Amino acid sequence: MRSLGLMLCKCNKTDIQTACKMPCRMWITGLNPFQADTNALLKEIDLPKLLNMNAISSEILVWFGPLYAFIAHEKTLYTFSVLMEQRKTLHFDAAIVSLAANSKYCLVLLSSGRLLKYDPLEDHSSSLVFLGVEVEKDDHSNESITHIACGEFVGVACTSMNGVYNIPNKTATLPKHVRILKVVAGFEHCLLLTTNGDVYSWGGGLRGQLGNGEIVAAQDHPQLVAALAGVKIVDISAEGWHSAAVSSFGDLYTWGWNNQGQLGLSDQKHHGRVVSLPQLVTMLDGEEVTVEKVHCGVGHTVVEVTTLDGARNALVVGWDLKKRFDYEQAVVAPTFAGFRQLDQPEKEAGVSVVVGAGANQIYFLHQSRFE
């Protein structure tokens, strides 16, 4: 699933009264699809109020695309647009378990195994049926979709039998010993992370986003990112034309087009350039931190880090979202100053904090902790 924008909020189903007192809350900085007339300052969103609920008593999924935001709760999908105030609501016959979207459509995976394509402009959904179409010797009757990702020019599904589809065509079948952990997509390219820490890439590569050291129009099949061989990767992200990976040692690697400073590379030779091999990134003037997770937006990259004293923090590089999406005085010049601290909402007692990036925003989700 694409890291740029998916978040989960869980509240205890058995304690609705507690959930009412401790609703899921969210803050957004950058382009706000829920209140498009606001500026880009950090803004709180009351999710239960937004969805006309007294409380959110089960898992929600949220995806921020370039033009639309999608919120899924149980069997219902809510769609919000940055261009129109109208909200659309769509009901399905099974619970929604995964989302991935671009500026034109949203992929919706249901608990029943069905994968649908929803067009918010037409307000229409259609089933995508492609498993088993390309018949092989093995029995694929029990094959199911486990991961989805979506870019502007690519839609990907991975299956329980290690099938990799550029929907609807099968691209590859990974070896049986491989276990897929995560799949993400930029505008034109895809990354896949396995449980043993290997990273595969495929798709468009004219801006170095495949990480193979070459500038190629397309790489049709998933191939190992050889430059990361021997480094166990635990998280990946992609958006726009850049990619990022976090190692088990807490290091960050980035590659692709550094046109907005989103790679976080301090050497001037990388400023505004295409970087076709993964590069080790230095944080905050050499301050020693452990990177835990990474989230890519179109022109920015967010990392969650732990400092030497055990404090958790969030840093950002690339777009200054508060200035870029300030309607009164927008600043669109690239920023090559390196990683900087993120303004964050004050953490409340008894809540966990999720940090993430959408295409044009950063969000903070506060969710209740229940025993």
Side-chain angles (χ1 to χ4, degrees), residues 2-7 26-45 62-70 80-85 101-104 151-152 184-188 207 209 237-244 252 254 256-266 268 270-275 281 283-284 294-304 313-345 355-365:
R2 192 177 175 188
S3 68
L4 38 77
L6 177 64
M7 66 183 179
M26 180 171 62
W27 287 258
I28 298 176
T29 184
L31 190 60
N32 189 335
F34 308 117
Q35 297 177 338
D37 58 339
T38 63
N39 60 22
L41 297 176
L42 193 65
K43 175 75 174 180
E44 182 179 357
I45 305 297
V62 176
W63 187 279
F64 293 98
L67 296 180
Y68 297 96
F70 302 91
F80 303 83
S81 172
V82 300
L83 303 177
M84 299 176 290
E85 294 185 0
N102 57 27
S103 62
K104 299 178 288 294
E152 286 301 296
V184 296
F187 285 162
E188 304 169 329
R207 293 170 177 85
Q209 62 267 49
S237 187
E239 234 310 3
W241 290 291
H242 77 290
S243 306
L252 175 68
T254 60
W257 195 17
N258 194 33
N259 63 321
Q260 300 295 324
Q262 62 266 57
L263 299 190
L265 301 175
S266 58
Q268 290 189 359
H270 298 309
H271 292 182
R273 302 295 183 85
V274 166
V275 181
V281 180
M283 299 285 175
L284 291 178
V294 61
H295 316 277
C296 293
V298 171
H300 60 291
T301 301
V302 178
V303 291
E304 299 177 60
N313 206 345
L315 311 175
V316 63
V317 73
W319 280 349
D320 185 333
L321 293 168
K322 290 188 295 184
K323 294 180 178 179
R324 186 176 184 85
F325 294 102
D326 185 336
Y327 298 143
E328 296 180 357
Q329 192 174 0
V331 177
V332 296
T335 304
F336 297 105
F339 276 92
R340 55 194 182 272
Q341 298 278 353
L342 262 177
D343 293 334
Q344 302 180 52
V355 184
N360 301 300
Q361 52 278 117
I362 299 169
Y363 65 79
F364 302 88
L365 172 70

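None of the values given here were measured: they were computed from a predicted structure. One is the number of the first residue; the rest follow in order along the sequence.
Heavy-atom neighbours of Lys104 NZ from other residues, nucleotides or ligands within 6.0 Å: above the threshold of 12. Sparse packing is recorded around CD of Gln268, with 12 or fewer heavy atoms of other residues, nucleotides or ligands lying under 6.0 Å away.
For the atom pair CD1 (Ile362) and NE2 (His300), the distance works out to 4.5 Å, reported to the nearest 0.5 Å. The structure places OG of Ser81 at 9.0 Å from CZ of Phe70, a figure rounded to the nearest 0.5 Å.
The backbone N or O of Leu67 lies less than 3.5 Å from no partner atom in the side chain of Ser103, so there is not a single donor-acceptor pair. Listed for the Gln361 side chain is a donor-acceptor partner under 3.5 Å among the backbone atoms of Ala359. Judged purely by atom type and a 3.5 angstrom limit, Arg340 uses its side chain to pair as donor or acceptor with the backbone of Gly318. A distance-only check finds a donor-acceptor pair linking the side chain of Gln262 to the backbone of Trp257 [under 3.5 Å]. Between the side chain of Asn360 and the backbone N or O of Leu31 there is no donor-acceptor pair closer than 3.5 Å. Without hydrogens or angle criteria, Thr29 side chain to Ala40 main chain gives a donor-acceptor distance under 3.5 Å.
Pairing each heavy atom of Gly186 with each of Ala238, the nearest pair is N-CB, 3.9 Å. Residue Ala244 comes nearest to Leu252 through the heavy atom pair CB-CD1, 4.3 Å, listed as atom of the first residue, atom of the second, then distance. Of all heavy-atom pairs between Asn32 and Lys43, the closest is ND2-CG, 3.7 Å. Residues Phe64 and Gly358 share a closest heavy-atom pair of CB-CA, 3.7 Å. Considering every non-hydrogen atom in both Pro33 and Phe80, the closest pair reads O-CB, 3.9 Å.
One side chain, Trp241 or Glu188, offers a donor N or O that lies under 3.5 Å from an acceptor on the other.
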Side chain to side chain contact (heavy atoms under 4.5 Å, CB included) between Phe187 and Asn102: does it pass, once the steps are laid out?
CA-CA 8 Å; Phe187 285 162; Asn102 57 27; over 6 Å; no
Evaluate the side chain to side chain contact (heavy atoms under 4.5 Å, CB included) criterion for residues Val82 and Phe325: first the C-alpha distance (whole Å), next the side-chain angles of each, then the deciding distance (0.1 Å), finally the verdict.
CA-CA 12 Å; Val82 300; Phe325 294 102; over 6 Å; no
Side chain to side chain contact (heavy atoms under 4.5 Å, CB included) between Leu263 and His270, intermediate numbers included:
CA-CA 9 Å; Leu263 299 190; His270 298 309; over 6 Å; no
For side chain to side chain contact (heavy atoms under 4.5 Å, CB included), just list the numbers for Leu265 and Val281, CA-CA rounded to whole Å, side-chain angles, deciding distance to a tenth of an Å, and then say yes or no.
CA-CA 6 Å; Leu265 301 175; Val281 180; 3.9 Å; yes
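The closest side-chain heavy-atom distance from Tyr363 to Val62 is not below 4.5 Å. At least one side-chain heavy atom of Pro345 sits under 4.5 Å from a side-chain heavy atom of Leu42. In this structure, Asn313 and Gln344 have side chains that are in contact, with non-hydrogen atoms separated by less than 4.5 Å.
Screening Val303, Leu342, Val355, Thr335 for a side-chain contact (heavy atoms from CB on, under 4.5 Å) involving Val316 leaves a single residue, Leu342. With His242 as the fixed residue, the side chain to side chain donor-acceptor pair (under 3.5 Å) test singles out one of Thr254, Thr301, Asn258, Asn259: Thr301.
With sequence neighbours left out, Lys322 forms a side chain to side chain donor-acceptor pair (under 3.5 Å) with Asp343.
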